[in-house]
Colleague: 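Structure incoming, see below.
These numbers come from the heavy atoms of this one structure, side chains and all, not from hydrogens, waters or symmetry mates. Quick note on labels: first sequence line is chain A, next is B, and so on, each numbered from 1.
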Amino acid sequence: MKIGYPCINRSIGCRGDRTFRLASFTSERFHQTVRENLDCLQQMLIYNVNHEIRFFRISSNLIPFASHDVCDIPWQSIYGPQFREIGAYIRTNNIRISMHPGQFTVINSPDEEIVERSRRELLYHSEVLDLMELDRTAKIQIHIGGVYGDKETAKRRFIRNFNRLDEAIRKRLVIENDDVNFTVQDCLAIASELNIPVLFDIFHHKLLPDGRSVLQAMLDTAATWREIDGLPMIDYSSQADGEKSGKHSNEIERKDFSYFLRLLNVADFDVMLEIKDKEASALNAVNLAASEPRFIAAERQQIYRWIHQSGKTIERKGKQHDSTRANRRVKQSVTA
DNA sequence: CCCTGTCAAGTCACG
DNA sequence: CGTGACTTGACAGGG
């Protein structure tokens, strides 16, 4: 198991996701920002290795406007040497890498132009990973997309459009359950047709359950990852205390995470912590995992209940207007 | 310095 | 119909 955090490190004084306004796009501005982002990426990776954090999500902002018409700069060749250097560091230190394109990447859209823009955005992501010469365990995770009033048709269109994507994209693409439209079950159905992995998001699953227990969802999604894809990835986060249902918590909750850790004894994953305070939680998580306490019999019942909560205890936002009540319910179901 | 309107992109739900 | 939310709030202009 590796533990990681997404995109930015808040304690080293640089960010790897600097960008600028489209209106202020110039060659100078572009190069300045890309240099800054790549240098910072190297610093973040070094920080991670020094702190035993061996999983990292690279920001989609690494190369701003990379897939936009405005960008005719051959960044692939210009920054090729630095990409190879970063890739060598990643391989040497056995770091797992993922990327997660934005919500504008929708390959099941009925609008062909949106599909094409999405393809170009995905191509940019695959180029970054290819330039680093990473094997196909470096993944690009996306959601299925929109429903457009007919989920089955939307799923069929995802499958059809996936098959039209470049091989460089297809070999890295993994699909993730979301919190409003497509469940783990939906993703598994699509994945079995396309023979691609499903990345399990545990928090989304609690917000949009499909009847599976957390453990069952972990086992079923893990089974979609072949040897060549690497260890299954999982997105871990939990409910922000006292906030609207669906909001990620600001820091890791030790108890919830320690229960989660027990499940990793059953099915091994690389764990991405989608938590606001980033590397701070990753450090905590690494320490918690390192000091993984022995399984205590007295906790068996609690852990069993945690494993088997299907998510029905959490109301969807919107249907539950009294969010504090929903949040209290979430908390109870986790800590009961 | 601080304030704030706005930002490449899509979809959906809320009010 | 306008706004917020989403993997990540930050940029940029004005006071």
Colleague: What's the verdict on salt bridge (charged side-chain N to carboxylate O under 4.0 Å, His left out) for A/Asp111 and A/Arg117, showing C-alpha distance, side-chain angles and the deciding distance?
Modeller: CA-CA 10 Å; A/Asp111 183 336; A/Arg117 279 196 290 274; 5.3 Å; no

Colleague: Could you pull out all residues at least two apart from A/Asn9 that satisfy side chain to side chain donor-acceptor pair (under 3.5 Å)?
Modeller: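 Side chain to side chain donor-acceptor pair (under 3.5 Å) check on A/Asn9 returns A/Tyr5, A/Ser11.
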
Colleague: Rounded to whole angstrom units, what separation is found between the CG atom of A/Asp111 and the P atom of B/dC12?
Modeller: 13 Å

Colleague: Categorize A/Ser109 for me: base, sugar-phosphate, or nothing, with a 4.0 angstrom heavy-atom threshold over every strand shown.
Modeller: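 Sugar-phosphate only.
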
Colleague: Test of understanding: with side chain to side chain contact (heavy atoms under 4.5 Å, CB included), list the residues that count as partners of A/Thr224, not counting sequence neighbours.
Modeller: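 Listed in chain order: A/Leu188, A/Pro197, A/Val198.
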
Colleague: Could you tabulate the donor-acceptor pairs under 3.5 Å formed by side-chain atoms of residues 49-56 of chain A, not counting sequence neighbours?
Modeller:
{"from": "A/Asn50", "atom 1": "ND2", "to": "A/Ile46", "atom 2": "O", "distance (Å)": "3.4"}
{"from": "A/His51", "atom 1": "ND1", "to": "A/Tyr47", "atom 2": "O", "distance (Å)": "2.7"}
{"from": "A/Arg54", "atom 1": "NH1", "to": "A/Asn93", "atom 2": "O", "distance (Å)": "2.6"}

Colleague: With sugar-phosphate meaning primed atoms plus P, OP1 and OP2, does A/Arg120 contact a base, only sugar-phosphate, or nothing at under 4.0 Å between heavy atoms?
Modeller: nothing

Colleague: Holding to side chain to side chain donor-acceptor pair (under 3.5 Å), I want the full list of residues that pass it with A/Arg170, two or more places apart in sequence or in another chain.
Modeller: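 With sequence neighbours excluded, A/Arg170 shows a side chain to side chain donor-acceptor pair (under 3.5 Å) to no residue whatsoever.
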
Colleague: Please assess A/Glu127 against A/Arg120 for the test salt bridge (charged side-chain N to carboxylate O under 4.0 Å, His left out), listing each intermediate value before the final yes or no.
Modeller: CA-CA 10 Å; A/Glu127 282 176 326; A/Arg120 286 169 52 188; over 6 Å; no

Colleague: Can you spot which of A/Arg172, A/Arg119, A/Lys171 makes a salt bridge (charged side-chain N to carboxylate O under 4.0 Å, His left out) with A/Asp166?
Modeller: A/Arg119

Colleague: For A/Arg160, what residues pass the salt bridge (Lys or Arg N to Asp or Glu O under 4.0 Å) criterion, not counting sequence neighbours?
Modeller: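 With neighbours one apart ignored, the set is empty.
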
Colleague: Flag the pair A/Glu176 and A/Lys139 as a salt bridge only when some basic side-chain nitrogen lies within less than 4.0 angstrom of an acidic carboxylate oxygen.
Modeller: no

Colleague: Whole-Å distance between B/dC12 P and A/Phe182 CZ?
Modeller: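 Taking CZ of A/Phe182 and P of B/dC12, I get 8 Å after rounding.
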
Colleague: Output yes when at least one side-chain N/O atom of A/Ser24 is less than 4.0 Å from OP1 or OP2 of C/dA12, else no.
Modeller: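 True: A/Ser24 side-chain N/O within range (under 4.0 Å) of C/dA12 OP1/OP2.
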
Colleague: Is the centre of the A/His205 ring less than 6.0 Å from the centre of the A/Phe200 ring?
Modeller: yes

Colleague: Within this structure, what is the CD1-to-P distance between A/Ile63 and B/dA9, rounded to whole angstrom?
Modeller: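 That distance rounds to 20 Å.
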
Colleague: For the CD atom on A/Glu113, are there more than 12 heavy atoms of other groups (residues, nucleotides or ligands in this structure) within a distance under 6.0 Å?
Modeller: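 No.
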
Colleague: What nitrogen or oxygen pairs link the protein and nucleotides 2-6 of chain B at under 3.5 Å?
Modeller:
{"from": "B/dT6", "atom 1": "O2", "to": "A/Arg21", "atom 2": "NH2", "distance (Å)": "3.2"}

Colleague: Return the nearest nucleotide to the side chain of A/Lys276; candidates are B/dT11, C/dT8, B/dA9.
Modeller: C/dT8

Colleague: If I pick the C1' atom on B/dC3 and the same atom on C/dC6, what distance separates them, to the nearest angstrom?
Modeller: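 Going atom to atom, C1' in each nucleotide, I get 26 Å.
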
Colleague: Which pairs count as salt bridge (Lys or Arg N to Asp or Glu O under 4.0 Å) when at least one residue sits in residues 94-105 of chain A, sequence neighbours excluded?
Modeller: A/Arg96-A/Asp270

Colleague: Please confirm whether the shortest side-chain N or O distance from A/Arg117 to OP1 or OP2 of B/dG10 is below 4.0 Å.
Modeller: yes

Colleague: Determine the interatomic distance between P on C/dT8 and the same-named atom on B/dC7; round to the nearest Å.
Modeller: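 Pairwise P distance, C/dT8 against B/dC7, rounds to 22 Å.
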
Colleague: Separation of A/Ile114 atom CD1 from B/dC12 atom C1', in whole Å?
Modeller: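 Taking atom C1' of B/dC12 as the reference, CD1 of A/Ile114 is at 14 Å.
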
Colleague: List in numerical order all residues of residues 137-150 of chain A for which some heavy atom is under 4.0 Å away from an atom belonging to DNA chain B.
Modeller: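 Here the set is A/Gly146, A/Val147, A/Tyr148.
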
Colleague: In this structure, how many angstroms lie between the C1' atom of B/dA8 and the CD atom of A/Glu121, rounded?
Modeller: 9 Å

Colleague: What distance, rounded to whole Å, do you find between the two P atoms, one in C/dC11 and one in B/dA8?
Modeller: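 Going atom to atom, P in each nucleotide, I get 12 Å.
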
Colleague: Against the six-membered ring of A/Tyr148, is A/Arg157 placed for a cation-pi contact (under 6.0 Å from the centre, within 45° of the normal)?
Modeller: yes

Colleague: Can you tell me, in whole Å, how much space there is between the P of C/dA5 and that of B/dC2?
Modeller: 25 Å

Colleague: Disulfide (SG to SG under 2.5 Å) with A/Cys40: which residues, sequence neighbours excluded?
Modeller: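 If we apply the disulfide (SG to SG under 2.5 Å) test to A/Cys40, skipping adjacent residues, the hits are A/Cys14.
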
Colleague: Stem ranges for DNA chain C, with three or more consecutive Watson-Crick or G-U pairs under 3.5 Å?
Modeller: B:1-7 with C:9-15, B:10-15 with C:1-6

Colleague: Taking the six-membered ring for Trp, does A/Phe104 stack with B/dG10 (centroid gap under 5.5 Å, planes within less than 30°)?
Modeller: no

Colleague: Is the distance between the ring centroids of A/Phe257 and A/Tyr236 less than 6.0 Å?
Modeller: yes

Colleague: For the pair A/Trp75 and A/Tyr124, evaluate ring pair (Phe, Tyr, Trp, His ring centres under 6.0 Å) and give the outcome as yes or no after the intermediate values.
Modeller: CA-CA 11 Å; A/Trp75 54 270; A/Tyr124 147 60; 5.8 Å; yes

Colleague: Tell me which residues in residues 11-20 of chain A put a heavy atom below 4.0 Å from DNA chain C, sorted by number, or none.
Modeller: A/Arg15, A/Asp17, A/Arg18, A/Thr19, A/Phe20

Colleague: Take A/Phe30 and A/Phe20 through the test ring pair (Phe, Tyr, Trp, His ring centres under 6.0 Å) and record every step on the way to the result.
Modeller: CA-CA 8 Å; A/Phe30 176 82; A/Phe20 50 88; 7.2 Å; no

Colleague: Starting at atom CG of A/Asn37, determine the distance to atom P of C/dC11, rounded to an integer number of angstrom.
Modeller: 10 Å

Colleague: Check whether any side-chain nitrogen or oxygen of A/Ser67 sits under 4.0 Å from OP1 or OP2 of B/dA8, and answer yes or no.
Modeller: no

Colleague: Rounding to an integer number of Å, can you tell me how far A/Asp179 CG sits from B/dA13 P?
Modeller: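 In whole Å, B/dA13 P lies 11 Å from A/Asp179 CG.
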
Colleague: Can you confirm whether the side chains of A/Asp135 and A/Thr137 place a donor and an acceptor under 3.5 Å from each other?
Modeller: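 Result is yes, a qualifying pair exists.
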
Colleague: With a 4.0 Å heavy-atom cut-off, tell me which residues in residues 157-177 of chain A come close to DNA chain C, sorted by residue number.
Modeller: none

Colleague: Just how far, in rounded Å, is P of B/dA13 from CG of A/Leu208?
Modeller: 11 Å

